Amino acid sequence: MQTIKKIVIASHNQGKIAEFRKMLAPLEIEVCSAQDLSLPDVEETGTTFEENSRLKAETLAKVSGLPCLADDSGLCVDALEGRPGVYSARYAPNRDFDKGMDMLLAELKQSGSNDRSAHFSCVLALAIPGEETKVFEGRVDGKIALEKSGNKGFGYDPIFIPEGFNKTFGHFEADEKASISHRGRALEKFVAYLRQK
Ligand code: IMP
């Protein structure tokens, strides 16, 4: 595998890009976003996290000619049969996650289930022009809080309590979240792969 000097993050989500930049900083790889290079948004037509992350990374690697890292992630709630899952971004009307979280809390209440277990999943795909795509997975288990709490992070962070803690991701500093999060765990595998090559 060639040495990576510059990588495109195939996302327009500023929260995610900030997490990637922070985690990749020690590797001395120039990180740019799809937006920095005016690359198109890739439609997520897959039905699994892996399908979507491969699709985004491979499409943008082809368009830009650069190594491209994409993630697909989401929140899977057991009592809702794994929903919203791959549809987590679209579950929130107009990507208004404050509303999305209210809807999810209401749906969970309506389900009548006492099971609040849930997990975040993340699949990272690294596409390098002319090479096989590699995928790296991460997951964090936890439960859905009774109400929203905390204003840090993004997306569904204020309603997710990771296992072993009694506060939501909405109260986590970026470093603390990265050390246990689904994306942090997938990125650790990605970084280990880059270091051993
Ligand atoms: P996508 O991977 O861009 O399709 O977006 C997945 C969606 O899942 C995001 O828009 C968030 O709503 C949610 N999500 C993924 N990771 C996290 C996280 O770390 N915290 C909160 N929400 C997340």
Side-chain angles (χ1 to χ4, degrees), residues 8-23 33-35 39-60 68-77 80 82-105 107-108 118-127 135-145 147-163 165 167-188 190:
V8 181
I9 307 297
S11 176
H12 289 264
N13 176 326
Q14 294 308 317
K16 278 191 197 172
I17 293 162
E19 287 188 5
F20 279 123
R21 273 195 209 282
K22 205 167 175 86
M23 290 190 226
S33 71
Q35 208 167 8
L39 298 174
D41 212 354
V42 180
E43 208 191 332
E44 296 178 0
T45 53
T47 55
T48 64
F49 295 120
E50 181 170 340
E51 254 183 272
N52 280 335
S53 61
R54 278 180 182 271
L55 183 69
K56 289 189 273 189
E58 288 170 4
T59 306
L60 293 195
C68 202
L69 185 67
D71 95 317
D72 197 41
S73 53
L75 177 63
C76 307
V77 180
L80 303 180
R83 286 186 306 108
V86 283
Y87 304 104
S88 293
R90 284 162 276 178
Y91 180 82
N94 299 317
R95 308 225 166 178
D96 178 344
F97 290 102
D98 203 46
K99 273 206 187 114
M101 286 187 282
D102 288 341
M103 284 165 54
L104 200 144
L105 291 174
E107 229 196 305
L108 201 47
H119 65 270
F120 274 117
S121 263
C122 172
V123 176
L124 283 177
L126 172 66
V135 297
F136 310 89
E137 298 187 30
R139 169 181 169 140
V140 56
D141 289 289
K143 63 181 181 192
I144 302 298
E147 56 187 31
K148 295 179 277 191
S149 169
N151 54 13
K152 296 195 171 86
F154 68 97
Y156 299 91
D157 279 342
I159 57 167
F160 183 79
I161 302 174
E163 222 166 66
F165 293 82
K167 61 180 182 181
T168 67
F169 266 165
H171 291 281
F172 278 61
E173 296 301 334
D175 285 346
E176 192 187 13
K177 180 182 168 190
S179 69
I180 59 159
S181 78
H182 48 313
R183 193 166 303 100
R185 285 174 175 157
L187 259 166
E188 257 169 38
F190 166 67

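Remember, it's 1-based here, ligands and their atoms both numbered in the order they're listed. Computed over heavy atoms, backbone and side chain alike; hydrogens, waters and symmetry mates excluded. Since we're looking at a predicted model, the values are computed, not measured.
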Separation between CG (Leu75) and CD1 (Ile159), nearest 0.5 Å, reads 6.0 Å
Residue, atom and distance of the protein heavy atom nearest atom 1 (P) of ligand 1 read Lys16 NZ, 3.2 Å
for atom 6 (C) of ligand 1, nearest protein heavy atom and its distance come out as Ser73 O, 2.9 Å
The option among Tyr87, Tyr156, Phe49 carrying the non-hydrogen atom nearest to atom 22 (N) of ligand 1 is Tyr156
- Query: Out of curiosity, is Ser181 lining ligand 1, as in a heavy atom under 4.0 Å away?
  - Reply: no
Q. Is there a heavy atom of Leu75 sitting under 4.0 angstrom from any atom of ligand 1?
A. no
Gly155 heavy atoms within 4.0 Å reach ligand 1 at atoms 12 (O), 21 (C), 22 (N)
Just say parallel, tilted or perpendicular for the rings of Tyr91 and Tyr156, cut-offs at 30° and 60°.
tilted
In this structure, atom 20 (N) of ligand 1 is nearest to the protein heavy atom Asp157 OD1, 2.6 Å
Taking only non-hydrogen atoms of Glu44 and a 4.0 Å limit, the atoms of ligand 1 in range are 1 (P), 3 (O), 4 (O)
Does ligand 1 have an atom that lies less than 4.0 angstrom from a heavy atom of Arg90?
no
Quick note on ligand 1: atoms under 4.0 Å from a heavy atom of Asp72 include exactly 1 (P), 2 (O), 4 (O)
All heavy atoms of Phe160 vs all of Val140, minimum pair found to be CZ-O, 3.6 Å
Looking only at protein heavy atoms, what sits closest to atom 8 (O) of ligand 1 is Ser88 CB, 3.3 Å
Gly74 heavy atoms within 4.0 Å reach ligand 1 at atoms 8 (O)
Rounded to the nearest 0.5 angstrom, the CD-CG distance for Glu50 and Asn52 is 10.5 Å
Report yes if some heavy atom in the side chain of Arg139 is under 4.5 Å from a heavy atom in the side chain of Cys122; otherwise report no. no
Quick check: are there more than 12 heavy atoms from other residues, nucleotides or ligands sitting under 6.0 Å from CD of Glu147? no
heavy-atom search around atom 23 (C) of ligand 1 in the protein gives Phe120 CE2, 3.4 Å
Any heavy atom of Phe97 under 4.0 Å from ligand 1? The part involved is side chain
Under 4.0 Å from one or more heavy atoms of Lys177, ligand 1 contributes atoms 18 (C), 19 (O), 20 (N)
Can you see whether His171 engages Ser149 through a side-chain donor-acceptor pair at a distance of less than 3.5 angstrom? yes
Practice item. Side-chain contact test, heavy atoms from C-beta onward, threshold under 4.5 Å: evaluate it for Leu124 versus Leu69 and give yes or no. Key: yes
Could you check whether any side-chain N or O of Thr59 sits under 3.5 Å from a backbone N or O of Lys56, counting only pairs where one atom can act as donor and the other as acceptor?
no
Practice prompt. With the side chain counted from C-beta on, respond yes when Val77 and Leu104 share a heavy-atom pair under 4.5 Å apart, and no when they do not.
Written response: yes
For Ala89, the atoms of ligand 1 under 4.0 Å from one of its heavy atoms are 5 (O), 7 (C), 10 (O)
Near Arg183 (heavy-atom distance under 4.0 Å), the atoms of ligand 1 are 15 (C), 16 (N), 17 (C), 19 (O)
For Arg90, look at atom CZ and say whether over 12 heavy atoms of other residues, nucleotides or ligands are found less than 6.0 Å away.
-> yes
